[in-house]
Amino acid sequence: MIDFTQFPSPCYIMDEELLRKNLGLIKNVADRAEVEIILAFKSFAMWRSFPIFREYIGHSTASSVYEARLALEEFGSKAHTYSPAYTEQDFPEIMRCSSHITFNSFSQYERFYPKVVTEGSGISCGIRVNPEYSEVETELYNPCAPGTRFGMTADLLPETLPEGIRGFHCHCHCESSSFELERTLQHLEEKFSRWFPQIEWLNLGGGHLMTRADYDTEHLINLLKALKARYPHLKIILEPGSAFTWQTGVLTSQVVDVVESRGIKTAILDVSFTCHMPDCLEMPYQPVVRGAEIGDEGAFVYRLGGSSCLSGDYMGMWGFDHELQIGEQLVFEDMIHYTIVKTNMFNGIHHPGIAMWTKEGKAEIFKEFSYEDYRDRMS
């Protein structure tokens with residue numbers, strides 16, 4: 001049990017034991033299915049925890065020059081890198097930090113592959129493909145939506161792939177099940193399998209939420225084994241983000257005021273949805289608050305409001321078994337993935353600390369933010 005008194009408020013707190021539980025499950029899937037599962041930094045990049053990750057996995061995936069550099073310098077291995085568009089300025093550093101580079105289009109391939117030939121020894125290149133199928137319902141998160149800027153459809157590929165294309169990258173999931181992957185593979189193979197003899201690896205992207213309690217990992221393992229049996233020469237790669245840190249930590253906050261308007265009570269907190277929990281507004285979903293029930297049932301019902309001046313920086317409703325008091329701590333569950341990486345300093349609001357509750361039961365404070373952090377971002 002985390003001792004919250006040992007941490008500043010607000011604070012993101014990862015639980016090391018819960019992290020290791022997820023990592024153990026992911027390694028078990030990878031070992032039994034004989035595939036590689038790597039960490040996607042777009043969901044989680046708390047680099048001080050990388051030594052723990054390296055006990056279980058060997059590589060990570062990057063989507064920018066900074067993420068690629070983080071992979072090499074902090075994770076300790078070169079990145080599997082994909083970006084919708086590389087630039088002349090960034091590409092030399094991308095090559096220095098990457099073992100795999102996936103291009104989003106043939107125009108990007110034609111522009112940058114000659115540099116790989118002359119300057120990027122040992123890099124394996126691929127192209128992102130679009131199977132034109134996804135079951136992701138939230139349009140903002142659907143990479144296969146009509147008109148998407150991601151990947152190439154089968155009608156755009158020549159019968160013989162261009163020189164140096166050694167792999168396909170396909171990403172069309174978001175917190176998805178193995179059964180969604182099964183249906184996706186049907187479309188992927190139908191459209192693209194005729195090119196599989198020409199490639200060496202197939203990256204199935206992220207969104208495979210294998211650490212969720214109701215996820216059928218046995219079905220996933222059997223699915224991946226069958227895929228490898230059909231194409232034994234292919235190395236299969238998965239790069240989930242959320243699965244690694246799903247339900248591994250919290251965001252703590254405090255009530256700083258309670259206001260009421262037209263019968264709606266709002267508890268204003270020292271954290272912000274738009275600044276510190278942006279997926280709640282983007283996805284959207286209502287997070288679990290420890291000790292509260294989602295909905296407007298109960299004697300003490302509150303909408304929770306952030307501390308920014310954005311009018312829509314609130315969510316609701318939650319029912320509590322008591323009247324909230326100024327200074328009371330509220331704990332938001334499952335706030336490690338897609339939170340810290342997407343935070344901002346809008347309004348100059350005090351940024352939550354970043355910390356870990358170790359398996360030995362000790363508080364390890366990785367970072368506390370200051371005025372200088374805000375000032376230096378603003379130049």
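Not measured: the values here are computed from a predicted model.
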Using only atom types and a distance under 3.5 Å, with no angle test, would you say the side chain of [X] pairs donor to acceptor with the backbone of [Y]?
X: N104; Y: S83; answer: no
X: Q286; Y: M317; answer: yes
X: W195; Y: P158; answer: yes
X: Q198; Y: E159; answer: yes
X: Y314; Y: S311; answer: no
X: R212; Y: E175; answer: yes
X: H219; Y: Y215; answer: no

query: Is the F50 to F41 ring centre distance short of 6.0 Å?
result: yes
task: State yes or no: are the ring centers of H337 and F44 separated by less than 6.0 Å?
output: no
Check whether the side chains of [X] and [Y] place a donor and an acceptor atom closer than 3.5 Å, and report yes or no.
X: T274; Y: S272; value: no
X: H173; Y: E135; value: no
X: H322; Y: E328; value: yes

Over 12 non-hydrogen atoms of neighbours within 6.0 angstrom of [atom1] in [X]:
X: R149; atom1: CZ; value: no
X: E132; atom1: CD; value: yes
X: E297; atom1: CD; value: no
X: E55; atom1: CD; value: yes
X: E360; atom1: CD; value: yes
X: E34; atom1: CD; value: no
X: F300; atom1: CZ; value: yes

Can you confirm whether [X] sits close enough to [Y] that some side-chain heavy atom of one is under 4.5 Å from a side-chain heavy atom of the other?
X: F244; Y: I37; result: yes
X: H100; Y: T81; result: no
X: L304; Y: V289; result: yes
X: Y113; Y: E163; result: yes
X: L185; Y: L204; result: yes

Grab the two heavy atoms, one from [X] and one from [Y], that are nearest each other, plus how far apart they are.
X: G291; Y: F320; answer: O-CD2, 4.2 Å
X: S60; Y: A71; answer: OG-CB, 3.3 Å
X: S253; Y: L269; answer: OG-CD1, 4.0 Å

message: Classify the ring geometry of H187 against Y133: parallel below 30°, tilted from 30° to 60°, perpendicular beyond 60°.
response: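 Correct class here is parallel.
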- request: Output, in order, the C-alpha distance, side-chain angles, deciding distance and verdict of side chain to side chain donor-acceptor pair (under 3.5 Å) for H233 and E200.
  value: CA-CA 7 Å; H233 72 290; E200 300 169 357; over 6 Å; no
field: Worked check of side-chain contact (heavy atoms from CB on, under 4.5 Å) between M152 and N130
entry: CA-CA 5 Å; M152 301 186 67; N130 176 9; over 6 Å; no
- prompt: Passes side chain to side chain donor-acceptor pair (under 3.5 Å), H351 versus T343? Steps please.
  reply: CA-CA 9 Å; H351 201 283; T343 57; 2.9 Å; yes
- prompt: Given T87 and Q89, is the side chain to side chain donor-acceptor pair (under 3.5 Å) satisfied, shown in steps?
  reply: CA-CA 5 Å; T87 66; Q89 178 182 358; 5.2 Å; no
task: For Y109 and Y86, run ring-ring contact (aromatic ring centres under 6.0 Å, His included): C-alpha distance rounded to whole Å, both residues' side-chain angles, the deciding distance at 0.1 Å, then the answer.
output: CA-CA 10 Å; Y109 159 81; Y86 301 107; over 10 Å; no
cation_pi(R128, F150) dist<6.0 Å, angle<=45: yes
field: Cationic tip of K228 above Y231 ring, under 6.0 Å, 45° of axis
entry: no
task: Please assess L19 against I52 for the test side-chain contact (heavy atoms from CB on, under 4.5 Å), listing each intermediate value before the final yes or no.
output: CA-CA 9 Å; L19 173 63; I52 299 173; 4.1 Å; yes
